[in-house]
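A short worksheet on the structure shown next.
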Amino acid sequence: MSMTPYRGRFAPSPTGPLHPGSLLAALGSWLLARHAGGQWWVRIEDVDPPRTVPGAIDQQLAALTALGLTSDGPIVRQSQRDALYQRALERLLDEGTAFACHCSRSELADQHGIHHHCVARGLRAQPAIRLRVPPGTRIAFHDGLRGEVEQDVHADVGDFVLRRADGYWAYQLAVVVDDGAQSITDVVRGADLLDST
Ligand SMILES: [Zn+2]
């Protein structure tokens, strides 16, 4: 049995009103947290400013409050956590596990968009930063519904982006830093996100 106290989270992106699937995930994660005697935290995943819809954050929080779903912890916004993500990125760069990549989407098309080594024919003013995923990198976790889930991240995903060429943080970096910093133990999300987990 794990001695870590249960802490779940609901982390909507403010791209519009919460749709029924999001509300189901919110309610499900809240119920599991309550069932476990743990906490339930809300985080705003506004890491992609071009997709953020003005007013959507207040609208989403009001919808949750109307259902009686209120965060047990401080509600943080990813758009205000640059320093945290920057520190994580610098650590990975220092360790040599992250690298600057000048490849464009079209240059990676021959590899079905999967990056295993740089194929850039030129340098960009601002390169993307990717995480190096060596061959044999298999990641497994236990999913409450699907059981053991395992992915060959090298073969299926390749070196993935941590900071985009447009300067914005990639969701994959922000969400891992935040889940770690907030000591999140359990995540409830749509089945469509199983692959990206
Ligand atoms: Zn590259």
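Atoms within a ligand are numbered from 1 in the order they appear, just like the ligands themselves.
- For Arg51, the CZ atom sits in a loose shell: 12 or fewer heavy atoms of surrounding residues, nucleotides or ligands are nearer than 6.0 Å.
- A salt bridge is absent between Arg189 and Asp143; no separation between the charged side-chain nitrogens and carboxylate oxygens falls under 4.0 Å.
- Remark: Asp58 pairs with no residue by the side-chain hydrogen bond (donor to acceptor under 3.5 Å, both in side chains) rule, at least two apart or across chains.
- Centred on the Zn ion (ligand 1), the angle running from Cys101 (SG) to His115 (NE2) is recorded as 100°, rounding to 10°.
- Checking Cys118 against the Zn ion (ligand 1), an N/O/S atom falls under the 2.8 Å cut-off.
- Among the atoms of Cys103, an N, O or S atom falls under 2.8 Å from the Zn ion (ligand 1).
- Proximity of Leu18 to Phe10: side-chain heavy atoms (C-beta onward) are separated by under 4.5 Å at one or more points.
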